[in-house]
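For the numbers below, each heavy atom of this structure counts, side chains included, while hydrogens, waters and symmetry mates do not.
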Amino acid sequence: MWNKMNFQEEAVQVMNSDFKDLSEVASRLANHAIKFAGIGWGGSFFGFFAAVAAIYLLVLDRTNWKTNILTSLLIPYIFFSLPSFVFAVFRGEIGKWIALVAVVLRLFIPKHFPDWLELPGALILLIVVSPDLVASTFRNDLVGVIVCLVIACYLLQEHIRASGGFRNSFTRANGVSNSIGIILLLVYPIWALLTILF
């Protein structure tokens, strides 16, 4: 009987020790993963993810699911959250040609220039004509992350207020998709802040 009780107590102690070791290893793994992902692919992945969420909200606003948010704020958000390789493509010759076509269409054929192209055209123009201080330094720094965080928080707050409260923003049919899209906007700046601060 005593041997069985000693064995059970010893087994519990060994298991507690193993769980303690596992928690320490998991903690170290999480710290290393955050540092590695922030340095490497994590920032680009979440930036692309956030830019796609912002584009989703722009498209959603142009369809029959009208939102109550100021969608023009999504343009600087996309500007600051777009991954570097995509940003470089639009900042190069491709972006210049797209901007030229958009300006020519807008100037000379304004009746045939669709309204839904206003904001994407503004984004391309912003990417092409922004000075290097904004395009290179601020985009990849704390300034761009803070701008994205402020825009995402403001849009979430305005959406909740326009929906009539937090509960309504997640229970109405069009409120759910808008709420999820706006919450996804918070992912990139929060991740980038964590990697910059830690």
Side-chain angles (χ1 to χ4, degrees), residues 33-63 67 69-156 178 180-198:
I34 288 173
K35 288 179 184 176
F36 172 73
I39 293 169
W41 62 272
S44 295
F45 173 74
F46 286 122
F48 184 74
F49 187 68
V52 168
I55 292 168
Y56 164 74
L57 287 171
L58 278 175
V59 169
L60 201 63
D61 189 53
R62 299 297 177 211
T63 61
T67 60
I69 62 173
L70 185 60
T71 53
S72 60
L73 283 176
L74 293 170
I75 298 304
Y77 185 92
I78 295 170
F79 176 83
F80 283 112
S81 67
L82 209 58
S84 297
F85 61 92
V86 177
F87 189 82
V89 167
F90 284 118
R91 191 149 167 89
E93 289 297 317
I94 293 172
K96 290 176 184 176
W97 278 102
I98 294 171
L100 176 71
V101 169
V103 168
V104 167
L105 285 176
R106 184 72 175 120
L107 286 176
F108 298 114
I109 316 172
K111 292 180 182 178
H112 297 290
F113 191 78
D115 291 340
W116 58 270
L117 275 180
E118 290 286 335
L119 291 178
L123 175 64
I124 294 296
L125 282 173
L126 183 65
I127 290 173
V128 169
V129 302
S130 62
D132 284 334
L133 177 68
V134 176
S136 300
T137 308
F138 290 163
R139 268 192 78 247
N140 301 321
D141 199 13
L142 188 62
V143 175
V145 172
I146 290 174
V147 167
C148 288
L149 185 63
V150 167
I151 290 172
C153 289
Y154 175 76
L155 290 176
L156 181 64
N178 296 338
I180 291 172
I182 294 171
I183 288 173
L184 291 177
L185 293 180
L186 289 169
V187 172
Y188 168 70
I190 290 173
W191 178 266
L193 274 178
L194 286 175
T195 57
I196 288 172
L197 296 177
F198 297 111

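- Between the OG atom in S72 and the CD1 atom in I151 there is a gap of 9.5 Å [rounded to 0.5 Å].
- Without hydrogens or angle criteria, R139 side chain to F79 main chain gives a donor-acceptor distance under 3.5 Å.
- A distance of 13.5 Å separates CZ of F108 from CZ of F113, quoted to the nearest 0.5 Å.
- Y188 has its ring centre no less than 6.0 Å from the ring centre of F48.
- In terms of heavy atoms, L123 sits closest to I75 at CD1-O, 3.7 Å.
- Atom CG of L100 has more than 12 neighbouring heavy atoms from other residues, nucleotides or ligands inside a 6.0 Å radius.
- Proximity of L193 to L142: side-chain heavy atoms (C-beta onward) are separated by under 4.5 Å at one or more points.
- Side chain of Y77 to backbone of L185: a donor-acceptor contact under 3.5 angstrom is found.
- By the 4.5 Å heavy-atom criterion applied to side chains, P131 and V134 are counted as neighbours.
- When all heavy atoms are compared, the tightest approach of I78 to A54 is CG1-CB, 3.4 Å.
- Minimum heavy-atom separation, R91 to D132: NH2-OD1, 3.0 Å.
- Surrounding CZ of F90 are at most 12 heavy atoms belonging to other residues, nucleotides or ligands under 6.0 Å away.
- The two residues A152 and I182 have their closest heavy-atom pair at O-CG2, 4.0 Å.
- To the nearest 0.5 angstrom, L126 atom CG is 11.5 Å from L119 atom CG.
- Between G181 and A53, the shortest heavy-atom distance links the atoms O-CB, 4.0 Å.
- Residues V103 and L125 form a side-chain contact, since some pair of their non-hydrogen atoms from C-beta on lies under 4.5 Å apart.
- L82 is listed as a side-chain neighbour of I127, based on a closest heavy-atom distance under 4.5 Å.
- Using a 4.5 Å heavy-atom cutoff, the side chains of L155 and L74 are in contact.
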